[in-house]
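All remarks here apply to the structure that follows.
Per chain, numbering begins at 1; letters A, B, ... match sequence-line order.
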Amino acid sequence: MKASKYPLFTQKNNPSDAEIISHKLMLKAGLTRQQSSGQYSFLPIGYRVLKKIENIIREEMNAIGSAEILMPSVQPSELWEESGRWETYGLELLRLKDRHQRDYCLGPTFEEVITDLVRKDLNSYKQLPINMYQISSKFRDEIRPRFGIMRAREFIMKDAYSFHLNQECLDEWYENYKKAYNKIFTRLQLEYTMVDADSGNIGGSKSNEFHVIADTGEDDLLIDQDGIGVNYEIAKTKYNSDDIKKIINENNLVHKKGIEVGHIFKLGDKYSKAMNLSIADVESKICNIEMGCYGIGVSRIIAAAIEQNHDDKGIVWPATIAPFKIVIIEIDGHKNESVRIYSSELYEKLSAKGVEVILDDRNSKLGNKLNDWELIGIPNIAIVGKSEAETKSVTFKKRGQDDKSSLSIENLIKITSD
RNA sequence: CGGGGUGUAGCGCAGCUUGGUAGCGCGGCUGGUUUGGGACCAGUAGGUCGUAGGUUCGAAUCCUAUCACCCCGACCA
């Protein structure tokens, strides 16, 4: 990519609507723009980050043998009436009518649709277990959207669903997903913890939440010596006390704030029973299908990552989700042919190695360019001016560190293409 | 929904109390001087003051209604 032809929308002034740091930085760095309350467009830089996160999730889902699908976001009321949630889900379910006055809703979650999908094609227990996931927009008509993309009404979520002949198989797959989630959050390079949790609105017997640790998190977590936590409500039940302070002291726990970015559930037969999804087993006995569901708030992870990784200059992306791996900044390339030729040569070499590189060939000053890229948070910065062009080197700087060093082309390629 | 607040140029704001037809900073554009960490000078473009109605000779300013957005609380990935 060349910055002169790439839509960058950084802003100098602090946006007035933003309260928390991730929201401010996302607007300043030009990652997202608000459409209406709780709804955001992703600009090119923001969308690249979203795709990075999606791909890590996708790879780990595929790796455990969950298959990607896509379901419609507008869902017929009939399915929700079958599950009983048309009545119970409440105002968060945005309901609408089509031209024939049939009732629909915008999908906030997909248990009904996927249960319907599976029951139409499930003929034999031999097809089980079935594991499928999708990455798509969800809509929840939140009482109060806030903090930008952190709690939006429309957001990107990965939701996986599993179908099993028996509890043992569900338990096994629940563990598979749990392991996959740990891999995902490790690869995202975020400080996180898994906690025992309430299954809330979705229903079922067992659930775990994954939280990114951040002071601005909305959830209170109690974390033990092994890094395993519980949320407040669960802790009260688990330790049989209402006194949080006492629980903390007596059990040697640490209180931290978390941003919930993942939630996995053992649903049991709640939906399969209500929606009549059953199958004959080896002995021709009719069994209800055991289900699990596994969510990750993909777009929320962007905000969570920024909450955890920023400084006074802007975002400091973990390398695995940075929108670009490196930016090459020209000094006066438009006035200096040797600089222009040399920077293009570097750009081509890095591109050829598959390095995600953007060349800042805009007609602006070094300071402005550096400020833009430090705000956006690109992890590696290579500066080339007249002297670098002469010596065939670059002035190299890591985001988050102040010192600069001189690197040969070979070393630059080595550092950025590993 | 209850409580608090804000809508004026692309962004951030002043002006409103005490009506007289809109201004500042940043950004944009043009020209020149600069040029290795947000340059300087000069010039220039850009706003039916959220919307509708009312009061008045006259409304960004006063009154009424309405819409949008933000913050605190109840709900959630």
Spell out protein contact along nucleotides 3-15 of chain B as letters: B when the base is contacted, S when just the sugar-phosphate is, - when no protein heavy atom is under 4.0 Å; keep the 5' to 3' order.
--------BSS--
Set of ring-ring contact (aromatic ring centres under 6.0 Å, His included) partners for [X], sequence neighbours left out:
X: Tyr192(A); result: Phe185(A)
X: Trp373(A); result: none
X: Phe155(A); result: none

Is Arg340(A) salt-bridged to Glu330(A), cutoff N-O under 4.0 Å?
yes
Residue list, side-chain hydrogen bond (donor to acceptor under 3.5 Å, both in side chains) with Asn336(A), at least two apart or on another chain:
Ser338(A)
Got a sec? Which of [range] come in under 4.0 Å of RNA chain B, heavy atoms?
range: residues 379-413 of chain A; answer: Ile383(A), Gly385(A), Lys386(A), Ser387(A), Glu388(A), Thr395(A), Lys397(A), Lys404(A)
range: residues 322-340 of chain A; answer: Ile331(A), Asp332(A), Lys335(A)
range: residues 21-45 of chain A; answer: Gln34(A), Ser36(A), Ser37(A)

In chain order, what residues pass the salt bridge (charged side-chain N to carboxylate O under 4.0 Å, His left out) check against Lys120(A), with sequence neighbours excluded?
Asp116(A)
Could I get the full list of salt bridge (charged side-chain N to carboxylate O under 4.0 Å, His left out) partners for Glu112(A), not counting sequence neighbours?
Arg85(A)
Base, sugar-phosphate, or nothing for Ala152(A), non-hydrogen atoms under 4.0 angstrom?
base
Base, sugar-phosphate, or nothing for Leu366(A), non-hydrogen atoms under 4.0 angstrom?
sugar-phosphate
With a cut-off of less than 4.0 Å, is there a side-chain N or O of Arg144(A) near OP1 or OP2 of rC72(B)?
yes
Sorted by first residue and then second, give each ring-ring contact (aromatic ring centres under 6.0 Å, His included) pair with at least one member in residues 288-338 of chain A; sequence neighbours left out.
Tyr6(A)-Phe324(A), Tyr177(A)-Tyr294(A)
Once side-chain hydrogen bond (donor to acceptor under 3.5 Å, both in side chains) is applied, what residue pairs with a partner in residues 382-398 of chain A remain, sequence neighbours excluded?
Glu345(A)-Lys392(A), Glu374(A)-Lys397(A), Asn380(A)-Lys398(A), Glu388(A)-Thr395(A), Thr391(A)-Ser393(A)
